[in-house]
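Take a look at the structure below.
No experiment lies behind these values; they were computed from the predicted model shown. Hydrogens, waters and symmetry mates are skipped; everything else that's a heavy atom, side chains included, is used.
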Amino acid sequence: MANKRENPSRRQNKSSGHRGDTAVMNGVAGHDQAEEAVSKQDSSADAEDDNEQEVIVIQDTGFTVKIQAPGTEPFDLQVSPQEMVQEIHQVLMDREDTCHRTCFSLQLDGNVLDNFAELKSIEGLQEGSLLKVVEEPYTIREARIHVRHIRDLLKSLDPSDAYNGVDCNSLSFLSVFTDGDLGDTGKRKKKGNELEQIDCTPPEHILPGSKEHPLVPLQPQNKDWKPMQCLKVLTMSGWNPPPGNRKMHGDLMYLYIVTVEDRHVSITASTRGFYLNQSTTYTFNPKPANPSFLSHSLVELLSQISAAFKKNFTALQKKSQKLVFPRQHRHRLACLRQELIEASSRLGDEEHIPGQTRDWNEELQTTRELSRKNLPERLLRERAIFKVHSDFAAAATRGAMAVIDGNVMAINPGEETRMQMFIWNNIFFSLGFDVRDHYRELGGDAAAHAAPTNDLNGVRAYSAVDVEGLYTLGTVVVDYRGYRVTAQSIIPGILEREQEQSVIYGSIDFGKTVVSHPKYLELLEKTSRPLKVQHHAVLNEKDTAVELFSSVECKGIIGNDGRHYILDLLRTFPPDLNFLPVEGEELAPESKKLGFPRQHRHRLACLRQELIEAFVEHRYLLFMKMAALQLMQQKANKDKTAALHDTSTADAESESKPQALETSEKLLARINLDFLWNIFTDPKSQEVVLNACKAVGSISNTSFDIRFNPDIFSPGVRFTDDSTDDIQKQKQLLKDAAAFLVSCQIPSFVKDCLDHSSLPMDGATMTEALHQRGINVRYLGTVLEFVDNMPAKAQIEHIYRIGISELITRCAKHIFKTYLQGVELSALSAAVSHFLNCLLSSFSDAVAHLPADELVSRRKSRKRRNRVPGGGDNTTWASLTPSELWKNVNSEAQSYYHFSLQCESADQAVEKYGLQKLTLLREISIKTGVQILIKEYNFDSRHKPAFTEEDILNIFPVVKHVNPKASDAFHFFQSGQAKVQQGFLKEGCELINEALNLFNNVYGAMHVEICACLRLLARLNYIMGDHPEALSNQQKAVLMSERVLGIEHPNTIQEYMHLSLYCFANGHLSTALKLLYRARYLMLVVCGEDHPEMALLDSNIGLVLHGVMEYDLSLRFLENALAINSKYHGPRSLKVALSHHLVARVYESKAEFRSALQHEKEGYTIYKNQVGEAHEKTKESSEYLKYLTQQAVALQRTMNEIYKNGSNASIMPLKFTAPSMASVLEQLNIINGIIFIPLSQKDLENLKAEVQRRQLMQNSGKIEEQQASQLELDDKLPVDD
């Protein structure tokens, strides 16, 4: 790992040679990042030095050291000066020949190196230095770590941990489809040319039109997982702990082992290493056996006593080293500065010692305080933050499960269960119920359930702003077994005092009493601009005005550590008036037309941060247009100025009819920056700015500044009398924002789906797409109605279907939550299987499935229990029926989403909306955390239920937490993307490589963002002609997507498709097909066949099959793609023309020229109508038509000749050519939207020069005259209408 990380930082020097890139490095690339940049540099004066320092630090290049481990040859390792000694340890533990060592030190010339020292700080360490690995004496802790590590090595290929998600393990099936042949691309003999060897027949269930969608192929059998047994048993011996007299001989603990040869041995772990002792199962004799085989490593000892262990362990190591990410899924140890380590919290050191608790709050806050003046410091800080957050989220999840499973004692055990609170491992846990009527006015339990996620969103927002000196709590929200648990780090000293004494800012009773504090005002003021929060005053119980920069609920507490904490951030964002009916308040007509305001479960519904951003941006454009329009009209006609102000102001305020603004679109196009600059600097224009500010609701009269007051419409909050106008303005702004959501954002989401720039495949990707536009999921019913009433509904039918299935599964999840709360632990699997039967099975008489052997005792106990008054609660789950459940789903859809489902059973829903039960099962399992046995379920049997309790394997928590970001890496990534879009591929590639390094540095080996980086890199490698490199990067992207997002996540499906293209380009034809078949199978499971993305997948499959001369199969897929494209893109789309052309080519290969002509004519007509006769595509099609006609005529002549002369006919040989691989690849590139650029330096230079020339021309305004000499790139790609 080490050598990978260093090299590109040299490349970075080159890119930071010109000033432009240096600015990008500091994240000052775009106007929206400017604020972040300001916060990153302590002051403008230091900024310049920072840049200098950054470049200097980055110029530290790597060097090579030699490493000598006991019993192995010395080897070279490339390291970087910023690395820590700790990371060399990690490399040694990942290497095949040293992986079994854990307890060792590294020594240079006899001096032991400090684990947490940076390499550059070590005297005498230089190019070629020899580092010796020296075995150290064991302690109990080290011995435990060693045994645990050996166990991990033995289990490295065993999938059971992956199935259970233990220790961040997860599943990946890529190697099943690639047969492990992609690692040594190019060296392998290409089988591509010997087509006979390829079996191209797809499994029956993935052929177009197949009705059955089996579940078992989702997890194919991996050959690597055949058990390779090294030991039968490795466990702690019953003779532990060592008695006092043996401790004095250095005994640490005893192990019991059964080898494959069935030899039972007892082993002592001592300070000197591991040796055999003379104990047996029944007698304790700790003396060393003869021979004792004393070895420092357990592996060395076992290799001496068991030949099978030695052989299998070596084979196992070879296999796991072959995997791309052998064991890197565990977070790499966070590296931190020396002084931090010496502090009480040994940050980054794993909690191996049972009973040792970490001070989470101290760790979380200390990492935030790390210096961030230059790039290396920021990387160190972000890595530490990410590491501690990951550990905290994992610990909080374990704790929350322990709380719900009843393994943690409450701190208030006397109170009823709902009101109990818990502390475990220095984390505070509370349940999502309305305790002490805290939320009575806001919606009771429903509000108490929504508050934690709102609070978490607030914590995310404040963490992202990252103001120095302001601290938030570590917060994790866990949904498990029907309960919502909030886990928070504990403020030092909070448990010793009453809340009233602690809170020095905000309110503890929703605004009745309010206090403020100057330090908090100063800190929160820094967050008010990025978070768009307005500074406002509220009245306290004494009618005195109190100033706030947040909602009243936001509490400020100074901990015993002197830090300023803020908590209860549930109202960070303003309320959503569409779901908050207020007496006497009228909403905007756009909202009223859709039936808003609607009553919601609770009064905590607030707008998303994305919506606030989009709304402010929308208003900013409006502001610019208005100012420009007024100024131009003022110049053009001074007489009418006064009249104009009134009309334009009125127009903007009504906002739904901006007639004056329509002309301003054209004006704005002509306005240059100088002109706008004049608006703001010319004193005569102040009036124009004032009017524009008033019109768009800006809080300042001299510049554009929109902020929201989060306390508007909060019950119990009172404002000062002199702010009445301001409050009216704020109310109007909230109404406008609510109207903007329904009148702009929802239509724009649907429009994006209609033009296929947004392509959700399942509930999660649809939710993500809605969230990106700031639309809350509670608007799902409104979105579905909007889609339903579209004239072009057929073209977004997939969106409607995904939306309906999301709505049904979310309603079922709400019901499931309360259903589970009444189930005792022993009946959990029976209850879950009963619920799934009621939801999905066609068996109408689903009875709770109680196995016969337990039935008797169950009945008895039920009778007994029912005699206890009020005790019969625990089995009410068994009385649920399918019709009752579906009635509840319908009423939930109506009350929560205001959508009328009208389905009385699963079968009716499937029939009415074209859903698949398999898809519904996948969605509900993911949402509720239920793990189900993989087998074929017969949902449609009317005689027996689909699920039994044996099918429910586990129930996992669903966890929400803050995701810390690697900001510098992200800026590099964005700059790289921008460079690529401008045509600077090489520079883009370098920047993205650098981003990949920085991401690796912060996140470790596995992360979603690293996956995106690898995908883009692979695409760039491919475009620039480096196919093997593209294949290698994309293979990592697929593996990572499977491991991080899930084996059937829509992104994983996309990654599989890209990988198959690169495989094809590298000549691995059969692998390319297997990958495409896998992608098609996954897509059928996730969303069914009727989806626009399926057309692309089928075109890919059809083309590859055409390439291997499987014409009939190829036609099945291509004709299906044609049908789907026609449905979703309209019959006149260029995509459809391309589909016709692909089908025609296959018919030509089959010598069925009539069909080929028919399809090509269709394509030609579309091209002619859409892009005109002069376009290259139309000409190509016309040429092809001529060629087909000639072929058809020649064939007809030959046929006539045969009819006329019989067997004596002289037959002209006809040209039947199998398509060349190059032509198939060319078509594959076209349909996948790839413009191919051969990697010749000269071409790249020309392309760059061309782009620069055009930019210069654009700047000087000559672009119109030169339109003819445009780059030809855009002609190569079919642009959709």
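For the atom pair Lys1074 NZ and Phe177 CZ, the distance stands at 9.0 Å (nearest 0.5 Å). We find the CD-OG distance between Gln908 and Ser842 to be 12.0 Å, quoted to the nearest 0.5 Å. A distance of 7.0 Å separates CG in Leu921 from CG in Leu215, rounded to the nearest 0.5 Å.
Residues His213 and His205 place their aromatic rings such that the two centres sit no closer than 6.0 Å. Aromatic ring centres of Phe173 and Tyr1056: separated by at least 6.0 Å. Aromatic pair Phe749/Phe786: ring centres not closer than 6.0 Å.
Using a 4.0 Å cut-off between charged side-chain N and carboxylate O, Arg773 and Glu610 make no salt bridge. Between Asp1098 and Arg1116, none of the side-chain N atoms (NZ, or NE/NH1/NH2) sits under 4.0 Å from a carboxylate O, so this pair counts as no salt bridge. Ion pairing between Arg778 and Asp576 holds under the 4.0 Å rule for side-chain N and carboxylate O. Here Glu1089 pairs with Arg1080 in a salt bridge; the nearest charged N to carboxylate O distance falls below 4.0 Å.
Both tests hold for Lys793 against Tyr800: distance to the six-membered ring centre under 6.0 Å, angle to the ring axis within 45°. Cation-pi check for Arg1019 over Tyr1022 is not met; the charged atom does not lie both under 6.0 angstrom from the ring centroid and within 45 degrees of its normal.
A side chain to side chain contact (heavy atoms under 4.5 Å, CB included) with Ile775 is found for one member of Leu741, Leu607, Val742 and no other, namely Leu741. In summary, of the residues considered (Glu1093, Met761, Arg1078), a side chain to side chain contact (heavy atoms under 4.5 Å, CB included) with Ile1053 occurs for Met761 alone.
In this structure, the salt bridge (charged side-chain N to carboxylate O under 4.0 Å, His left out) partners of Arg601, at least two apart in sequence or on a different chain, are Glu892. Remark: Lys1127 pairs with Glu797, Asp1090 by the salt bridge (charged side-chain N to carboxylate O under 4.0 Å, His left out) rule, at least two apart or across chains.
A donor atom on one side chain and an acceptor atom on the other are not found under 3.5 Å apart for Ser1041 and Asn1051. Residues Arg1043 and Ser172 bring no donor and acceptor atom of their side chains to less than 3.5 Å of each other.
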